[in-house]
Amino acid sequence: MIYLHQIDPIIFSLGPVKLHWYGLMYLLAFLTAWWLGRSRAMQGRLPGVDANAFSDLMFYAMLGVVLGGRIGYVLFYGFDGFLQNPLSIFKVWEGGMSFHGGLLGVMAAALWWSRKHRLHYFDTMDFVAPLVPAGLGFGRIGNFIGAELWGKYTQAGWGVIFPTDPRLRALTPSQLQAEYAAGALDQFARHPSQLYQALLEGLVMFVVLWTVSRKPRPRYTVSGLFALMYGVFRFIVEFVRVPDEQLEYLAFGWLTMGQVLSMPLILLGLYLLWLSRRAPTLYPVTPAPAAGKETA
C-alpha cells in the first residue's frame, strides 16, 4: 500500500518556540539508554561502577553524541560549506548529524571515562553497546517523520510519497491529496529507507545485542557484534537510499559516503570478534550498598 506522508514534523508551537518530533526522538533515545544502562549498572555488569559513576558516563556519552555527530556531519558531508563559512558548524538548528561522528564522540567519551575509573576501555564499550540501538531506532523514526533521508523511487507496494520530494514541492497539500487519491503520484513512491534502518539498526540490533549481553561474554564480543551489524546493515540500506545531495555517489555509480564510513566498522567488528576468542570474560559484581544502608 502506497502511503502519502502527511505528518507534521512540529508537535506544537508556543510563539517562537517549536517542539519537533526529531528533538523528542533524541530525548527518548537518551532516556531509554539511561534507563537500560542504569539497570545493567545495578546488576554489576561494570564492576566498581555505582549510580553516580554511571550518570557521569551517560553525561559524557551524550556530549559525545551531540558534538561528535555535528562535527562529523560537517567534516564528512558538508566540509566545503564549512570552509566557506566556519561558523556553520554551530548552526545545529539547520539539521545535520552524522552517526559515524556521534560514534567517534561516544568512543572518545568512553575512553576518557574509562581512564578516570581505571577500567578496560572495551569493558566500557561492551557495556555501552547494547544501549545504543534503541536510540538509533528512535532517530530513524525522527528522520521519517521529518520526511528526510528518504530512499529511491520504488514500484514496491509499500512505497511512501514524500512532499519534500523536489518534484512535488510545488504542489499544495490539497493538490497532493487530490492527486494521491487519483493514483497520479504512485510513480513518486520511494523506499522508506528510514524505517528500514529503524528496523535493522534499532530493533534487530537491540534484540541481538541485549540477548547476547545478558550473559557474561568474552571482552570485545558485544562491541564487535555492534560494529559488524551496524556496518553491514548501513551498507546494505545505502543501496536503496538517496545519496547526500552535496556529495552524490563517490565511485562506481553506487558507492556512497555512508558505505565508505561503514566499511571500517565492518572490518573493526570482525577484528574485535577475532580478538574475543582468547579474551577474558568479565563477570558481574554487585555494587556495594550505599553508606548507611543495610541489606536484609
Quiz item: Do Ile266 and Leu103 share a hydrophobic cluster (ILVMFWY, side-chain heavy atoms under 4.5 Å, transitive)?
Solution: yes
Exercise. State, without any angle test, whether Gln177 and Gln6 hold a side-chain donor-acceptor pair at a distance under 3.5 Å.
Key: yes
Practice problem: Hey, could you give me the OG/CG distance between Ser262 and Leu267, rounded to the nearest 0.5 Å? | Solution: 11.0 Å
Self-check item: Note, Leu136 side chain near Phe206 side chain (heavy atom, < 4.5 Å)
Solution: no
Quiz item: Do the side chain of His20 and the main chain of Tyr22 share a donor and acceptor less than 3.5 angstrom apart?
Solution: no
Practice problem: Over all heavy atoms of both residues, which pair between Gln175 and Leu171 is shortest? Give the atoms and the distance, please. | Solution: OE1-CA, 3.4 Å
Quiz item: With a 4.5 Å heavy-atom cut-off, do Tyr220 and Leu273 have their side chains touching?
Solution: no
Quiz item: If two hydrophobic side chains count as joined below 4.5 Å and joins carry through other members, does Phe99 share a cluster with Leu67?
Solution: no
Quiz item: Between atom CG of Leu119 and atom CG of Leu46, what is the distance when rounded to the nearest 0.5 Å?
Solution: 5.5 Å
Quiz prompt | Rounded distance [0.5 Å steps], CZ in Arg277 versus CG in Leu272 | solution = 13.0 Å
Exercise. Could you pull out the closest heavy-atom pair between Gly101 and Ser98, with the gap in Å?
Key: N-OG, 3.1 Å
Self-check item: Asp123 bridged to Arg219 by N-O distance under 4.0 Å
Solution: yes
Quiz prompt | Exam field: side chain Thr221 to backbone Pro218, donor-acceptor pair closer than 3.5 Å | solution = yes
Practice problem: Would you mind listing the cluster partners of Phe12? Hydrophobic ones only (ILVMFWY), side-chain contacts under 4.5 Å, chaining allowed. | Solution: Tyr3, Ile7, Ile11, Leu14, Leu19, Trp21, Leu24, Met25, Leu27, Leu28, Leu31, Phe138, Ile141, Phe144, Ile145, Trp150, Val160, Phe162, Leu195, Val242
Exercise. Apply side-chain contact (heavy atoms from CB on, under 4.5 Å) to Phe59 and Phe54, showing your working.
Key: CA-CA 9 Å; Phe59 175 73; Phe54 169 72; over 6 Å; no
Self-check item: Short side-chain to backbone donor-acceptor contact, Ser276 and Ala279, under 3.5 Å
Solution: no
Quiz item: Linking I/L/V/M/F/W/Y whenever any side-chain heavy atoms sit under 4.5 Å apart, do Phe252 and Val240 land together?
Solution: yes
Practice problem: Starting from the C-alpha separation in whole Å, work towards a yes-or-no answer on side-chain contact (heavy atoms from CB on, under 4.5 Å) for Leu270 and Trp274. | Solution: CA-CA 6 Å; Leu270 292 173; Trp274 178 78; over 6 Å; no
Quiz item: Should Leu149 and Val65 be counted in the same cluster of Ile, Leu, Val, Met, Phe, Trp and Tyr side chains packed under 4.5 Å apart?
Solution: no
Practice problem: Before giving the answer on side-chain contact (heavy atoms from CB on, under 4.5 Å), spell out for Leu111 and Arg115 the whole-Å C-alpha distance, their side-chain angles and the decisive distance to 0.1 Å. | Solution: CA-CA 6 Å; Leu111 178 61; Arg115 288 184 174 180; 3.9 Å; yes
Exercise. Group every Ile, Leu, Val, Met, Phe, Trp and Tyr by side-chain heavy-atom contacts under 4.5 Å, then state whether Tyr73 and Met62 land in the same group.
Key: yes
Quiz item: Just by distance, do the side chain of Gln259 and the backbone of Thr256 share a donor-acceptor pair under 3.5 Å?
Solution: yes
Exercise. Kindly give the heavy-atom pair with the smallest separation between Pro9 and Gly146, and that separation in Å.
Key: CB-CA, 4.1 Å
Practice problem: Measure the CD1-CG distance between Ile161 and Leu185 for me, rounded to the nearest 0.5 Å. | Solution: 4.5 Å
Exercise. With the side chain counted from C-beta on, respond yes when Leu282 and Pro47 share a heavy-atom pair under 4.5 Å apart, and no when they do not.
Key: yes
Quiz item: So, do Val260 and Leu255 sit near enough that their side-chain heavy atoms are less than 4.5 Å apart?
Solution: yes
Exercise. Step by step, work out the side-chain contact (heavy atoms from CB on, under 4.5 Å) result for Glu238 and Phe233.
Key: CA-CA 9 Å; Glu238 286 285 320; Phe233 290 158; over 6 Å; no
Self-check item: Ring center gap for Tyr249 and Trp254 short of 6.0 angstrom
Solution: no
Quiz item: Side chain of Tyr121, backbone of Met107: donor and acceptor closer than 3.5 Å?
Solution: yes
Quiz item: Distance-only, no hydrogens or angles: does the Trp113 side chain make a donor-acceptor pair with backbone N or O of Ala53 under 3.5 Å?
Solution: yes
Exercise. Working to the nearest 0.5 Å, report the span between CZ of Arg40 and CG of Leu131.
Key: 6.0 Å
Quiz item: How close do Ala129 and Leu209 get, heavy atom to heavy atom, and via which atoms?
Solution: O-CD1, 3.9 Å
Practice problem: Calculate, to the nearest 0.5 Å, the distance between atoms CZ and CD belonging to Arg38 and Gln43 respectively. | Solution: 11.5 Å
Quiz item: Would you call the rings of Trp112 and Tyr60 parallel, tilted or perpendicular, where under 30° means parallel and over 60° means perpendicular?
Solution: perpendicular
Quiz item: Can a salt bridge be assigned to the pair Glu201 and Arg234 using a cut-off of 4.0 Å between side-chain N and carboxylate O?
Solution: no
Exercise. Check whether more than 12 heavy atoms from other residues, nucleotides or ligands sit under 6.0 Å from atom CZ of Arg118, and answer yes or no.
Key: no
Quiz prompt | Distance-minimising heavy-atom pair for Leu176 and Leu168 | solution = CD2-CB, 4.3 Å
Quiz item: With side chains defined as the heavy atoms from C-beta onward, is the minimum distance between Tyr271 and Leu275 less than 4.5 Å?
Solution: yes
Self-check item: Which atom of Trp34 lies closest to which atom of Met58, heavy atoms considered
Solution: N-CE, 3.8 Å
Exercise. Please check if atom CZ in Phe239 has more than 12 non-hydrogen atoms from other residues, nucleotides or ligands closer than 6.0 Å.
Key: yes
Quiz item: Would you say Ser213's side chain and Trp210's backbone share a donor-acceptor pair under 3.5 angstrom?
Solution: yes
Self-check item: Stepwise salt bridge (Lys or Arg N to Asp or Glu O under 4.0 Å) test for Arg217 and Asp126
Solution: CA-CA 9 Å; Arg217 303 290 179 179; Asp126 285 345; over 6 Å; no
Exercise. Answer yes if the side chains of Arg45 and Ser39 hold a donor-acceptor pair under 3.5 Å, and no otherwise.
Key: no
Self-check item: Within-4.5 Å side-chain heavy-atom neighbours: Met205 and Tyr230
Solution: yes
Self-check item: Pairwise side-chain contact, Leu57 with Phe127, heavy-atom cut-off 4.5 Å (strictly under)
Solution: yes
Practice problem: Under the side-chain hydrogen bond (donor to acceptor under 3.5 Å, both in side chains) rule, collect the residues that match up with Ser193, sequence neighbours excluded. | Solution: none
Exercise. Compare all side-chain heavy atoms of Pro163 with those of Arg169 and state whether any distance is below 4.5 angstrom.
Key: no
Exercise. Could you tell me whether the side chain of Tyr180 and the main chain of Ile2 form a donor-acceptor pair under 3.5 Å?
Key: yes
Quiz prompt | Within 6.0 angstrom of Lys152 NZ, more than 12 heavy atoms from elsewhere | solution = yes
Quiz item: Is a side-chain donor-acceptor pair under 3.5 Å present for Arg241 with Gln197?
Solution: yes
